[in-house]
Amino acid sequence: DNAAAASNMAHVLKPAGRLFMDYLNPLSLVKHLQPETTRESEGFIIEERRWIDYKLKRVNKQVSVMRNGGIVSATSESVRLYQREELTALLGSVGLQVDQVWGDCAGNPYGADADRMVLVGSKAGS
């Protein structure tokens with residue numbers, strides 16, 4: 001549960017503690033999502049299928065790993081697509097303040113073409 005995770009972050013930070021959160025950039029993801037990819041690695045064929053569920057605000061991925069024509073592993077994941085304002089509000093609801101938002105860990109600007117959404121902030125306190 002994302003609200004519980006945010007609450008836990010606030011709980012473990014000391015007053016005036018700093019927060020650094022690296023998250024996917026939904027603006028870029030929507031623009032650049034590759035629905036299907038296939039690659040080979042060390043004799044394995046890896047097929048990935050990705051899609052966005054706009055109603056649930058989630059990006060989903062299914063991964064199949066194959067060798068010699070058979071599936072040896074299959075996994076899936078689903079990640080909530082938070083817009084900047086939604087994530088800032090979620091963190092704010094537990095007493096965490098977002099001071100800056102960057103487009104990557106090098107401090108480049110956040111926007112539709114940025115690789116990531118990096119939030120830097122703090123917990124209220126002295």
Side-chain angles (χ1 to χ4, degrees):
D1 178 57
N2 296 335
S7 181
N8 286 336
M9 283 188 266
H11 177 73
V12 299
L13 276 177
K14 294 179 182 179
R18 302 290 295 155
L19 167 74
F20 181 93
M21 184 176 183
D22 179 7
Y23 201 71
L24 56 87
N25 178 358
L27 302 173
S28 177
L29 189 135
V30 167
K31 197 172 173 182
H32 301 288
L33 182 73
Q34 292 184 336
E36 294 183 16
T37 56
T38 302
R39 58 188 164 94
E40 184 192 349
S41 178
E42 299 179 18
F44 293 93
I45 303 296
I46 302 159
E47 293 181 348
E48 297 173 308
R49 191 171 82 87
R50 302 167 193 85
W51 70 98
I52 297 171
D53 183 329
Y54 290 97
K55 184 176 180 180
L56 297 177
K57 298 180 179 181
R58 302 189 75 79
V59 61
N60 304 288
K61 179 168 71 170
Q62 291 178 332
V63 181
S64 297
V65 180
M66 295 166 285
R67 184 173 216 159
N68 300 325
I71 294 177
V72 295
S73 177
T75 61
S76 63
E77 65 181 57
S78 181
V79 178
R80 172 70 157 77
L81 283 175
Y82 279 102
Q83 298 298 322
R84 174 184 180 170
E85 299 77 15
E86 291 176 301
L87 199 47
T88 299
L90 174 63
L91 295 171
S93 73
V94 296
L96 300 173
Q97 175 180 316
V98 174
D99 301 317
Q100 296 173 312
V101 180
W102 298 329
D104 58 29
C105 291
N108 288 306
Y110 176 74
D113 291 318
D115 291 334
R116 306 293 294 171
M117 177 170 43
V118 179
L119 299 101
V120 179
S122 59
K123 180 176 178 178
S126 48

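Numbers here simply count residues along the sequence, with the first being 1. Being a predicted model, the structure only gives us computed values, none of them experimental.
Here N60 pairs with S78 under the side-chain hydrogen bond (donor to acceptor under 3.5 Å, both in side chains) rule; sequence neighbours left out. Listed by chain and number, the residues in a salt bridge (charged side-chain N to carboxylate O under 4.0 Å, His left out) with D1 amount to none (sequence neighbours excluded). Contacts of E77 classified as salt bridge (charged side-chain N to carboxylate O under 4.0 Å, His left out), with partners at least two apart in sequence or in another chain: none. D113 is linked by a salt bridge (charged side-chain N to carboxylate O under 4.0 Å, His left out) to K31, counting only residues two or more places apart in sequence or in another chain.
Follow the hydrophobic side-chain contacts under 4.5 Å out from V30 and you never reach L56; the two are in separate clusters. Taken together through direct or relayed side-chain contacts under 4.5 Å among Ile, Leu, Val, Met, Phe, Trp and Tyr, L27 and L81 form part of one hydrophobic cluster. Linking Ile, Leu, Val, Met, Phe, Trp and Tyr whenever their side-chain heavy atoms come within less than 4.5 Å leaves I52 and V63 in two separate clusters. At a threshold of 4.5 Å between side-chain heavy atoms, the hydrophobic network of Ile, Leu, Val, Met, Phe, Trp and Tyr places L33 and Y54 in one connected group.
The other residues sharing a hydrophobic cluster with I45 are M66, I71, where clustering joins ILVMFWY side chains under 4.5 Å apart.
At least one side-chain heavy atom of V118 sits less than 4.5 Å from a side-chain heavy atom of F20. Looking at heavy atoms from C-beta onward, Q83 lies in side-chain contact with P26 at the 4.5 angstrom threshold. Residues I46 and S64 form no side-chain contact, since every pair of their non-hydrogen atoms from C-beta on lies 4.5 Å or further apart. Counting heavy atoms from C-beta outward, L19 and L119 have side chains that stay 4.5 Å or more apart.
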Can you list the steps and then say if Y23 with L87 is a side chain to side chain contact (heavy atoms under 4.5 Å, CB included)?
CA-CA 10 Å; Y23 201 71; L87 199 47; 4.1 Å; yes
Run the numbers on S73 and T75 for side chain to side chain contact (heavy atoms under 4.5 Å, CB included), then give the verdict.
CA-CA 7 Å; S73 177; T75 61; 4.2 Å; yes
N25 vs D115, test: side chain to side chain contact (heavy atoms under 4.5 Å, CB included). Steps then yes/no.
CA-CA 6 Å; N25 178 358; D115 291 334; over 6 Å; no
What verdict does the side chain to side chain contact (heavy atoms under 4.5 Å, CB included) test give for V120 and D99, after you've listed the backbone C-alpha separation in whole Å, the side-chain angles of each residue and the deciding distance to 0.1 Å?
CA-CA 6 Å; V120 179; D99 301 317; 5.6 Å; no
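The main-chain N or O of A10 is found under 3.5 Å from a side-chain atom of K123 such that the two form a donor-acceptor pair. In terms of modelled atom types and a separation under 3.5 Å, the side chain of R50 and the main chain of Q62 share no donor-acceptor contact.
Shown here for G103 and A114, the closest heavy-atom pair between the two residues is CA-CB, 3.4 Å. Nearest heavy atom pair, residue L91 against residue A6, reads CD2-CB, 4.2 Å.
By the neighbour-count criterion of 12 heavy atoms within 6.0 Å, atom CD of Q34 is sparsely surrounded, having that number or fewer from other residues, nucleotides or ligands.
Rounded to the nearest 0.5 angstrom, L29 CG and M117 CE are separated by 10.5 Å. Atom OH of Y82 sits about 8.0 Å away from atom CE of M21, to the nearest 0.5 Å. One distance of note links CD of E47 with CD of E40; it measures 12.0 Å at 0.5 Å rounding.
The pair R58-D53 does not meet the salt-bridge criterion, since no charged nitrogen lies less than 4.0 angstrom from a carboxylate oxygen.
Sorted by first and then second residue, the salt bridge (Lys or Arg N to Asp or Glu O under 4.0 Å) pairs involving residues 80-92 (not counting sequence neighbours) are K57-E86, R80-E86.
Using modelled atom types, one finds no donor on one side chain facing an acceptor on the other under 3.5 Å when comparing D104 with Y110. Using modelled atom types, one finds a donor on one side chain and an acceptor on the other under 3.5 Å when comparing E48 with T37.
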